[in-house]
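Read the numbers this way: they start at 1 and go in the same order the structure lists the ligands and their atoms.
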Amino acid sequence: AFSDDVTGLGVPDSDLRRAPVCSGPLPALKPSDRHTVLIQTDLMLTGEAPEPHPSPDQLQDRWDDTHVKLPCSTHNLFPTDRTTVQSRWDLIRKALSVPFSSAHDVKDAIMKYNTGQAKGWGFTALHVYCKRLQPSEAQQMFGELLPEMAQLALRAPRLLTQPIPLLRTQCCRSLTLSQEQVSCLLANAFFCTFPRRNSHRTEFSNYPDINFSRLFEGSSQSKQEKLKTLLWYFRRITQQRPTGLITYTRQCLQRLPSWSSSEKQFSKLRISCEGTIEEQGYGMLQVDFANRFVGGGVTGSGLVQEEIRFLINPELIAARLFTEALEDNECLIITGTEQFSRYSGYSDTYRWDGNHDDQMPRDEWQRRCTEIVAIDALHYRNFLEQFLPENMSRELNKAFCGFVRPGVQTENLSAIATGNWGCGAFGGDTRLKAVLQMMAAAEAERDLMYFTFGDADLLRDVHHIHTLITDTHATVGSVFRLLLQYYECVCKKTTRGKPQETLYCFLSERL
Ligand code: AR6
């Protein structure tokens, strides 16, 4: 029953589970060794806006290897000359309490406490942005928005009263913060106040950039659109303070599946060449096609799937403050971020497209039922590399790590909303990656919603191979063994470029 304009295949949409409908009850929100909760949980029960825990008069200030170094720490010192030091937070407070009337003033303020960077940082994008504002918009920006953002940044010692643990390599750990606390972190990131984060020669060399300095440089239209998107977020949250919570979880797997002996059957697939993960994948586990430094180039020059998601859901950007680069058996799960903006286009044609009013319901922890998982594919420069057994296993393990939820009942797991993971900037082959993701989803016992992003041929091919696999009751292990055979019999004999026999031809003949 194929027609030329078919846009979706596989099981009907209604066969796939979505949160919150499919979710089981959550345990009470409470802190533990592995879960730091930065708000007072008792207040949650009464439906009041979250308050920081502990209360501000009991502020805990920590300056060590295992916590975020906050700008408001008393240990954040600044050399005034060779012999004396000054509180850097005092300097920040003074610099951000002065009225701004131009982009130049914003730059001046930022430079007051970032003197070491004076030469390297450019502010062209911010200048251009401000110059293009209509008089009433400029009035809004300098008279309201920037002063409110500065005040929000300066509330750090009252909002962030508990040290924030770093989500370090190979440590499974969760952080739950209020959206308001996250907004304060982001306001500080905007004004580039985070100490020890401007040079890659510090203890944070294995962390993404958090200060927004690179956002302000350059003359591309992309930068203008990024600024519009992020400033819209700040406008929204300064006009009305958000009341929800967000959880950031670093998940590391110690025990990985034995792929060649897996007896798991493939799960259900719905595939569509229309729609996007974030829009049609609502309530599903939404895959972020990530960089190992989460957020990739969001504050710099990148503007593809991950960066766009971080722009429209800016609370994702806060993860860059505390998430060490991901290793092969790790992922980052972010639950509860809100979408503030719409966009059109992609990459160079990306444009901010106005306000988005997020309608996702909240769970018992007051988090939006939006679960995003950052998994970083390998970056391939040569087509054949990705068929190396160790590379296929690596991608399987990475995807599985992102998909599996130890301890959660299968019927409470939503479907996975994904697509051409690792196949854009990272140069992977969509057909191989689709099979690998199907295998990882099967192993994690979750269904898959695959968005081909406009590719109708891919829609048919992936649907066809999935049908063949399920009709023949092939197991994950048997498909893995066929992938290994494809490598041995076909890839190894190919010296350059792409093999003559495609993966799907090879699989079709042997399934
Ligand atoms: N929904 C569904 N599919 C999408 C969407 C969407 N919203 N956006 C893009 N695609 P890419 P990668 C499809 O290149 O190769 C970033 O800088 C579209 O077909 O973003 O894993 C990260 O920080 C697109 O070509 O992912 C990493 O550094 C394909 O998904 C790096 O890129 C791949 O999107 C990751 O690159």
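In terms of protein heavy-atom proximity, atom 7 (N) of ligand 1 is nearest to Glu278 OE1, 2.9 Å. When only non-hydrogen protein atoms are considered, atom 20 (O) of ligand 1 lies nearest to Gln305 N, 3.0 Å. The nearest protein atom to atom 33 (C) of ligand 1, hydrogens excluded, is given as Asn420 O, 3.2 Å; this is a heavy-atom distance. Among protein heavy atoms, atom 28 (O) of ligand 1 sits closest to Asn291 ND2, 2.8 Å. For atom 32 (O) of ligand 1, the closest non-hydrogen atom on the protein side is Val304 CG2, 3.4 Å. Regarding atom 21 (O) of ligand 1, its nearest protein heavy-atom neighbour is Gly422 N, 2.8 Å. Distance from atom 30 (O) of ligand 1 to its nearest protein heavy atom, with residue and atom name: Phe289 CE1, 3.2 Å. The protein atom (non-hydrogen) at minimum distance from atom 4 (C) of ligand 1 is Phe453 CD1, 3.2 Å.
Taking the centre and axis of the six-membered ring of Phe204, the NZ or CZ atom of Arg197 falls inside the cone set by 45° and 6.0 Å.
Distances shorter than 4.0 angstrom occur between a heavy atom of Tyr346 and an atom of ligand 1. Ligand 1 has Cys423 within reach: a non-hydrogen atom of the residue lies less than 4.0 Å from it. In this structure, Gly424 has a heavy atom closer than 4.0 Å to ligand 1.
Contact check on Glu306 versus Arg309 returns no salt bridge, with no Lys/Arg side-chain nitrogen under 4.0 Å from an Asp/Glu carboxylate oxygen. Checked for salt-bridge contact, Asp357 and Arg342 miss the test: no charged N lies under 4.0 Å from a carboxylate O. Salt bridge annotation for Lys398-Glu330: absent, with no cationic side-chain nitrogen under 4.0 angstrom from a carboxylate oxygen. A salt bridge links Arg394 with Asp376: the closest approach of a Lys/Arg side-chain nitrogen to an acidic carboxylate oxygen falls below 4.0 angstrom. Checked for salt-bridge contact, Glu371 and Arg405 meet the test: a charged N lies under 4.0 Å from a carboxylate O.
With hydrogens and angles ignored, the 3.5 Å screen pairs a side-chain donor or acceptor of Gln305 with a backbone N or O of Val287.
The number of heavy-atom neighbours closer than 6.0 Å to CD of Gln240, taken from other residues, nucleotides and ligands shown, is 12 or below.
Among residues at least two apart or in separate chains, side-chain hydrogen bond (donor to acceptor under 3.5 Å, both in side chains) pairs with a member in residues 492-504 are Glu488-Lys492. Screening residues 418-441 for side-chain hydrogen bond (donor to acceptor under 3.5 Å, both in side chains), with sequence neighbours left out, gives Glu395-Lys433, Thr418-Gln437, Asn420-Tyr450, Arg431-Asp461.
Nearest to atom 27 (C) of ligand 1 by heavy-atom distance, out of Tyr343, Phe426, Trp421, is Phe426. For atom 17 (O) of ligand 1, the choice among Glu306, Lys433, Arg292, Glu307 with the nearest heavy atom turns out to be Glu307. Distances from atom 36 (O) of ligand 1 to the heavy atoms of Ser347, Ala425, Ala417 show the closest one on Ala425.
Considering backbone and side-chain N/O of Gly275, none are found under 3.5 Å from N/O of ligand 1.
Below 4.0 Å from some heavy atom of Gly296 lie the following atoms of ligand 1, by number and element: 23 (O). Close contacts between ligand 1 and Ile277 involve ligand atoms 1 (N), 2 (C) [criterion: under 4.0 Å to a heavy atom].
A donor and an acceptor atom, one from each side chain of Arg173 and Thr36, are located under 3.5 Å apart.
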